[in-house]
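Reading through the structure tokens given below for one structure.
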Amino acid sequence: MVERYVMSVDQGTNSTRCILFDHRGRLVSVAQREHQQHFPRPGWVEHDAVEIWQNLRRVLPEALSDAGVDSGKVAAIGMANQRETTVLWDRRTGVPLGRAIVWQDTRTAPLVEDLMERPGEEFFLERCALPPSTYFSALRIRWLFDHVKGVEQRAKDGEVLFGTMESWLIWNLTGGADSGLHITDATNASRTMLMNIHTLAWDDELLDFFGVPRSMLPEIRSSAELYGEARSLLPGVSITAALGDQQAALFGQTCFSPGEAKCTYGTGSFLLLNTGTDVVRSRHGLLTTVAYKIGDQPPAYALEGSIAITGALVQWFRDRLGLINSAPEIETLARTVEDNGGCYIVPAFSGLFAPRWRSDARGVIVGLTSYITKGHLARAVLEATGWQTREVVDAMNADSSVSLQQLKVDGGMTADNLLMQFVADVLDVPVVRPMVAETVSLGAAYAAGLAAGYWPDLEVLRRNWHRAAQWLPDMDPERRAAEYDNWQRAVERSLGWVRPPR
């Protein structure tokens with residue numbers, strides 16, 4: 001029997017990668033290209049959607065070439081993507097109407113303040129289960145309508161399409177302006193503030209409130225089903241899955257049962273807890289989201305704690321401060337000291353996400369003295385990720401009937417053993433990392449393979465999961481409590497930040 005593979009496309013915040021996986025969920029080949037980050041104003045973050053499409057055009061053939069196969073050996077394509085990043089483009093020409101507004105962007109903060117007053121948070125929580133935040137796509141659409149001349153009218157006239165990155169790439173892969181598929185899946189749609197969390201359909205009241213015409217929105221599909229065939233790059237190959245990157249990681253970690261959780265440590269970090277078919281309303285600052293929907297099966301839901309800045313803090317430490325030359329060096333530097341020396345960093349570069357949802361918070365460094373060295377700062381950078389994880393897990397335990405017993409982890413930061421040990425210490429639960437670290441890509445591949453019949457069921461996928469590393473908690477409870485108290489005091493400083501007068 002000739003070996004065939006599933007292709008996964010992971011369009012992330014910093015890069016686009018293409019990976020081929022085999023039947024056992026093993027990585028066969030990978031190709032990756034970074035794209036430029038644009039920061040035109042304070043708080044603004046943008047990507048060039050055309051550059052990302054061109055990068056995809058490069059990495060797909062590279063992955064095939066590295067594996068020594070052609071497109072005939074690809075059973076299906078699955079797509080994972082950075083969520084909430086908003087692209088508007090011309091329906092007839094396929095040309096974007098400016099750069100994509102990235103999920104980290106905070107330009108919509110004034111609109112968030114207005115929405116909290118009128119109509120208020122409850123209006124949105126009842127319908128889409130999301131609080132007003134700069135995080136979500138609907139506010140970016142509204143901002144573009146309000147600030148870019150003519151865009152709103154063109155959208156009403158049917159000339160403009162909206163999508164997150166998977167919609168943009170699938171549209172181009174399947175023909176673009178020549179009858180390309182304009183679709184999204186339920187996981188991505190659940191992050192727009194426009195989809196009803198119960199019906200998985202665009203909500204008329206939300207559309208009316210934001211003034212978003214239905215004609216510009218993609219069709220909502222399941223996370224795993226036959227969407228159509230590629231017409232460019234891989235002609236004839238079926239596209240059978242799309243998931244937001246964090247839901248893809250949950251799927252790749254085989255967290256298929258209620259109570260199972262994972263955290264992906266990347267540019268930001270995202271902790272998801274499977275709640276099964278129940279829509280669990282968070283009372284402690286978490287998000288209710290669609291975890292995945294397989295074909296005609298009922299959707300699975302999740303509670304999510306979204307942390308805006310984790311790996312991005314290491315990048316800032318490297319690129320802005322110049323204290324290390326590469327990201328892995330931060331662990332070596334942090335190990336030159338025994339503790340943080342009383343220094344805490346709250347990285348509220350884009351405000352604070354879960355569980356606080358304060359777009360007005362700003363980053364602070366607390367506890368600076370002449371004793372502090374760059375080693376202490378390096379340790380404080382890593383510990384900021386651990387403490388933010390602790391805040392999310394505390395909220396999750398309060399919302400869920402079962403306390404977290406184990407945390408599966410993935411993403412680039414899990415290569416840092418000091419950080420992973422610290423996470424286990426502050427959570428007081430085992431932390432485990434799988435053999436395949438690329439769980440976002442693997443989850444998209446798993447969903448695509450299920451829809452294409454490449455894998456028969458979820459149990460086969462469970463058997464593919466193998467543990468590569470485990471960290472057990474080893475911190476004195478009194479020290480844990482004291483340091484957590486110090487962290488929370490630092491967060492209070494972040495929340496109390498006031499812009500100085502001009």
Side-chain angles (χ1 to χ4, degrees), residues 43 45 83-86 101-140 142-143 190-195 197 206 209-210 244 246 263 267-273 279-290 301-310 312-313 346-364 384-385 387-400 487-499:
V45 188
R83 305 170 303 174
E84 299 97 17
T85 294
T86 299
I101 303 180
V102 180
W103 60 272
Q104 298 164 311
D105 190 286
T106 59
R107 73 185 69 182
T108 59
L111 181 56
V112 172
E113 294 176 7
D114 292 342
L115 297 183
M116 293 298 280
E117 294 182 3
R118 185 193 62 83
E121 184 177 68
E122 194 64 26
F123 173 83
F124 301 103
L125 292 176
E126 289 177 355
R127 293 160 178 80
C128 62
L130 301 176
S133 168
T134 59
Y135 197 12
F136 305 117
S137 307
L139 282 78
R140 298 192 174 93
R142 187 64 253 168
W143 188 94
S190 73
R191 315 295 296 192
T192 61
M193 291 190 76
L194 297 174
M195 188 194 82
I197 194 69
L206 292 170
F209 179 83
F210 285 108
Q246 301 313 316
C263 190
T267 305
S269 293
F270 303 87
L271 203 158
L272 272 72
L273 173 75
V279 180
V280 177
R281 176 86 171 269
S282 175
R283 302 294 179 182
H284 298 87
L286 303 179
L287 303 177
T288 302
T289 194
V290 177
Y301 292 93
L303 283 172
E304 175 175 332
S306 308
I307 305 169
I309 303 294
T310 52
L313 184 60
V346 181
F349 297 167
S350 301
L352 289 173
F353 285 9
R356 300 174 185 274
W357 298 107
R358 287 284 298 273
S359 60
D360 59 330
R362 290 296 180 270
V364 297
T385 291
W387 292 125
Q388 289 182 102
T389 305
R390 167 69 185 271
E391 288 195 324
V392 167
V393 169
D394 282 356
M396 204 162 274
N397 287 339
D399 278 330
S400 175
W487 162 261
Q488 291 177 317
R489 291 175 185 273
V491 173
E492 290 173 5
R493 298 281 188 90
S494 172
L495 297 173
W497 182 90
V498 177
R499 183 183 297 276

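For clarity, every value in this text was computed on a predicted model and none was experimentally measured.
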Can you tell me how far [atom2] of [Y] sits from [atom1] of [X], rounded to the nearest 0.5 angstrom?
{"X": "Ser190", "Y": "Tyr301", "atom1": "OG", "atom2": "OH", "value": "9.0 Å"}
{"X": "Leu115", "Y": "Thr108", "atom1": "CG", "atom2": "OG1", "value": "9.0 Å"}
{"X": "Cys263", "Y": "Glu304", "atom1": "SG", "atom2": "CD", "value": "9.5 Å"}
{"X": "Phe210", "Y": "Phe124", "atom1": "CZ", "atom2": "CZ", "value": "4.5 Å"}
{"X": "Gln104", "Y": "Ile309", "atom1": "CD", "atom2": "CD1", "value": "5.5 Å"}
{"X": "Leu271", "Y": "Ile307", "atom1": "CG", "atom2": "CD1", "value": "7.0 Å"}

Which atom of [X] lies closest to which atom of [Y], heavy atoms considered:
{"X": "Arg140", "Y": "Glu84", "value": "NH1-O, 3.2 Å"}
{"X": "Leu313", "Y": "Ala384", "value": "CD2-CB, 4.0 Å"}
{"X": "Pro131", "Y": "Leu125", "value": "N-CD2, 3.8 Å"}
{"X": "Val392", "Y": "Gly305", "value": "CG1-CA, 3.6 Å"}
{"X": "Cys128", "Y": "Leu206", "value": "CB-CD1, 3.9 Å"}
{"X": "Arg362", "Y": "Ser494", "value": "O-OG, 2.8 Å"}

Check whether any side-chain heavy atom of [X] lies under 4.5 Å from a side-chain heavy atom of [Y], and answer yes or no.
{"X": "Phe349", "Y": "Thr106", "result": "no"}
{"X": "Val290", "Y": "Ile197", "result": "yes"}
{"X": "Tyr135", "Y": "Leu130", "result": "no"}
{"X": "Thr389", "Y": "Ser269", "result": "no"}
{"X": "Phe136", "Y": "Thr192", "result": "no"}
{"X": "Arg83", "Y": "Trp103", "result": "no"}
{"X": "Glu121", "Y": "Pro132", "result": "yes"}
{"X": "Leu139", "Y": "Val112", "result": "yes"}

_Stepwise salt bridge (charged side-chain N to carboxylate O under 4.0 Å, His left out) check, Arg390 with Asp394_ = CA-CA 6 Å; Arg390 167 69 185 271; Asp394 282 356; 3.1 Å; yes
*Quick one: does NZ or CZ of Arg127 land under 6.0 Å from the six-membered ring centre of Phe209, within 45 degrees of the ring axis?*
no
*asked:* Under 6.0 Å from the ring centre and within 45 degrees of the ring axis: does the NZ or CZ of Arg107 meet both conditions for the six-membered ring of Trp143?
replied: yes
*For Arg356, does the CZ atom have more than 12 heavy-atom neighbours from other residues, nucleotides or ligands under 6.0 Å away?*
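More than 12 heavy atoms, drawn from other residues, nucleotides or ligands, come within 6.0 Å of this atom.
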*If you draw a 6.0 Å radius around CZ in Arg489, do more than 12 non-hydrogen atoms from other residues or ligands fall strictly inside?*
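No, not enclosed.
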*Show the numbers, then the answer: is there a salt bridge (charged side-chain N to carboxylate O under 4.0 Å, His left out) between Glu122 and Arg281?*
CA-CA 11 Å; Glu122 194 64 26; Arg281 176 86 171 269; 2.7 Å; yes
Checking [X] side chain against [Y] main chain: does a donor-acceptor pair fall under 3.5 Å?
{"X": "Gln388", "Y": "Leu352", "value": "no"}
{"X": "Thr310", "Y": "Ala308", "value": "no"}
{"X": "Thr288", "Y": "Val280", "value": "yes"}
{"X": "Ser306", "Y": "Ala354", "value": "no"}
{"X": "Asp399", "Y": "Arg283", "value": "yes"}

_Can you see whether Thr289 engages Arg191 through a side-chain donor-acceptor pair at a distance of less than 3.5 angstrom?_
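A donor-acceptor contact under 3.5 Å links the two side chains.
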*Step by step, would you call Trp357 with Leu287 a side chain to side chain contact (heavy atoms under 4.5 Å, CB included)?*
CA-CA 10 Å; Trp357 298 107; Leu287 303 177; 3.5 Å; yes
